[in-house]
Q: 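Structure in structure tokens, see below.
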Amino acid sequence: MKNIYKYCLVSILVLGFSSCELDMEPYETIEKDAVYSSENALEALTLGNYAILKGSGIADGYSWVNNYFRFGEYSGDNVALSGSTTDPLFYTYNYKRQVKGYRKQAVWTAAYKAIVGCNIVIDRAEEGVNADLDNLIGQNYYLRGMQYFYLTSLFGRPYGQSPETNLGVPIKLSTDVDDQPLRSTVKECYEQVVSDLKKAESLMQSEKTASYATKEAAQALLSRVYLYMGDNDNAIAYSDLVINSGRYSLLSKDDFKKYPTFTPDENQETIFALRFVNGADNSGADDDWYAFSGMYAAVDAQGKASLDGSGWGELYASVTYRDIVEEWADDARASFVTSMVLDKNSEDQWGIWYGLNSYKSTDSDGQKKLNGLLFHQDSVSADRTILYQKLAHTNGTVKLEVPIITEVDSKTGVTNYSVKPYQINSETGATQLLTSFVKLRINQKLATRQTYPKYFITKCSGQENKGHLWSPVISRLAEIYLNKAEAYAKKGDVANALLNVNMVRSRAIGSEAEYTAADLTAGVSILDLVLKERRLELAYEGHRKFDVFRNNRNLNRTYPGTHLRGNDPFFEVDYNSNVIIEYIPENEILAQPDLQQNL
């Protein structure tokens with residue numbers, strides 16, 4: 001890793017002292033003639049560290065943030081890939097790990113460039129000179145601790161799985177290019193994270209906007225780190241420090257539906273986000289195509305989902321996520337998922353369902369299982385009582401009428417539809433009913449990609465109503481309430497767990513949807529409810545994969561998507577499996593052969 005560190009050191013120095021030319025606002029606030037004074041030079045270096053993590057713009061495929069969020073979300077259960085793609089996300093999404101890959105390399109390289117940059121400031125700056133300088137030093141401790149936390153989450157096993165022996169990442173605390181540390185244990189990495197964040201908390205006493213690290217940002221991340229470590233008392237304590245600071249408040253339900261449109265600095269719920277700036281970070285002609293969220297949706301110039309907009313729009317909201325976000329008629333989280341109607345002027349109704357439609361006599365049980373997770377879209381009668389199912393076989397097609405069962409949920413008031421459709425032997429034409437009912441969604445006809453209905457995700461688009469512009473959120477207040485709720489749930493304190501989870505749930509839906517002790521059954525624990533709410537609230541913000549595996553739970557991916565179309569697909573990903581952690585990039589092993597690779 002010597003060459004990597006040398007490159008990091010040189011690039012940090014160049015970036016820091018050229019900050020005004022290379023960095024985008026808000027990490028660009030120093031006049032050129034002031035950069036070379038010592039304190040201003042350290043500030044320039046700090047701005048450069050932020051800039052490294054952010055990258056050169058929303059379409060920078062080599063920045064830390066644009067790639068880390070891919071690893072946090074694409075391998076979860078909130079997304080469904082709609083077909084083939086040339087994007088490397090294919091391997092992440094399918095849990096087909098590779099030792100190579102520029103996105104993984106970008107995460108590693110950018111993270112260590114920023115870490116070395118933080119080490120430079122920490123090494124050069126003297127504490128106690130003045131409050132501003134202390135705050136500057138604290139920001140670098142925060143950024144370094146944040147990077148070690150995210151790196152360990154990606155390349156190391158969850159803390160609850162033998163942290164004393166499982167390997168995390170190398171801990172580089174110096175600026176010496178000859179200092180080439182080996183991988184530390186997960187426990188040692190977390191100890192470093194906690195140490196850095198606590199140091200940051202003690203030094204950052206000045207108030208700054210949500211575009212920069214602050215004392216509360218350090219406390220917010222500590223609440224998550226302690227939660228990951230299973231230290232529930234400290235997770236609660238640090239959550240309370242953020243909540244009781246009075247600096248943040250949950251947005252109203254109506255404003256929350258517009259969360260992505262606000263800049264971090266005008267959003268009272270955001271604690272820290274890496275700020276992308278309109279006009280500076282989205283100036284490229286193809287930026288809206290290659291932005292992180294360009295895989296989630298095509299959007300118009302204002303950031304609204306559009307079939308004619310910019311973006312590949314290949315990775316959609318999964319069926320299992322839509323199932324829970326549609327349980328209530330007006331869950332604010334549903335506003336971030338848009339069903340893409342093919343012809344808005346048409347009055348025809350269509351029913352979307354998935355299950356086994358046709359099969360061959362020679363199909364294996366495994367093939368039938370796979371085919372049972374394919375989408376179908378059939379026309380529906382005007383009164384929503386009949387599904388006109390169309391089935392194909394070798395001699396033509398068969399059109400059958402299937403009764404639609406309508407049920408109104410007495411608690412939520414939501415109308416649910418289900419059918420027991422037919423399946424056909426595509427060779428003989430013989431038909432038979434499926435053995436059980438399946439959920440039916442009735443809508444205008446939806447646009448599809450390789451048969452998958454387009455459910456665009458817009459939670460990461462539309463800042464300032466500008467295309468795919470977005471400032472990735474690191475911490476926000478809703479997460480803090482959920483951290484606290486989960487910690488109380490694990491302590492067996494049901495009352496406090498309900499109190500905190502309902503802070504988030506009532507904002508998103510209304511007080512009528514709040515959980516009560518009556519919702520706890522033999523099959524549903526308080527932790528189940530909290531983790532469900534965490535999935536609903538924090539979807540597409542880089543949490544889901546880690547929330548599942550750190551709780552020693554398996555990831556259920558038995559839903560439509562191309563993760564099931566390849567060889568040896570994962571219908572369920574076991575939390576003990578080696579595939580839940582990424583390989584160390586091959587270039588790092590080649591440069592430092594004694595750097596141990598993951599199994």
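Computed from heavy atoms alone, side chains included, the values below leave out hydrogens, waters and symmetry copies.
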Q: Could you check whether Lys253 makes a cation-pi contact with Phe256, meaning its NZ or CZ is under 6.0 Å from the centre of the six-membered ring and within 45° of the ring axis?
A: no
Q: Is the side chain of Thr214 donor-acceptor paired with the backbone N or O of Ala217 at a distance under 3.5 Å, no angle test?
A: yes
Q: Aromatic contact between Tyr559 and Tyr354, with the criterion being ring centroids under 6.0 Å apart: yes or no?
A: no
Q: Ignoring hydrogens and angles, state whether a donor on the side chain of Asn483 or Arg534 is under 3.5 Å from an acceptor on the partner side chain.
A: yes
Q: Using a 6.0 Å cut-off, check whether atom CG of Asp308 has over 12 heavy atoms from anything other than its own residue.
A: no
Q: Verify whether one side chain among Ser249 and Gln268 offers a donor that lies under 3.5 Å from an acceptor in the other.
A: yes
Q: Are Lys459 and Tyr296 in a cation-pi setup, meaning NZ or CZ lies under 6.0 angstrom from the ring centre and within 45 degrees of the ring axis?
A: no
Q: Can you see whether Phe570 has Arg557 sitting over its ring - NZ or CZ less than 6.0 Å from the centre and within 45° of the normal?
A: no
Q: With a cut-off of 3.5 Å and sequence neighbours excluded, list every side-chain donor-acceptor pair involving residues 446-454.
A:
| residue | atom | partner | partner atom | Å |
| --- | --- | --- | --- | --- |
| Arg449 | NH1 | Ser82 | OG | 2.9 |
| Arg449 | NH2 | Ser84 | O | 2.8 |
| Arg449 | NH2 | Glu314 | OE2 | 3.4 |

Q: Is the Lys NZ or Arg CZ of Arg183 less than 6.0 Å from the centre of Phe155's six-membered ring, within 45° of the axis?
A: no
Q: Thinking salt bridges, do Glu216 and Lys208 make one under a 4.0 Å N-O criterion?
A: no
Q: Distance-only, no hydrogens or angles: does the Asn67 side chain make a donor-acceptor pair with backbone N or O of Trp64 under 3.5 Å?
A: no
Q: Have Asp77 and Thr320 got a donor and an acceptor in their side chains that come within less than 3.5 Å?
A: no
Q: With Tyr321, which residues qualify under ring pair (Phe, Tyr, Trp, His ring centres under 6.0 Å), at least two apart?
A: Tyr540
Q: Can the ring centroids of Trp470 and Phe292 be said to lie less than 6.0 angstrom from one another?
A: yes
Q: Within 45° of the ring axis of Phe71 and under 6.0 Å from its six-membered ring centre, is that where the NZ or CZ of Arg103 lies?
A: no
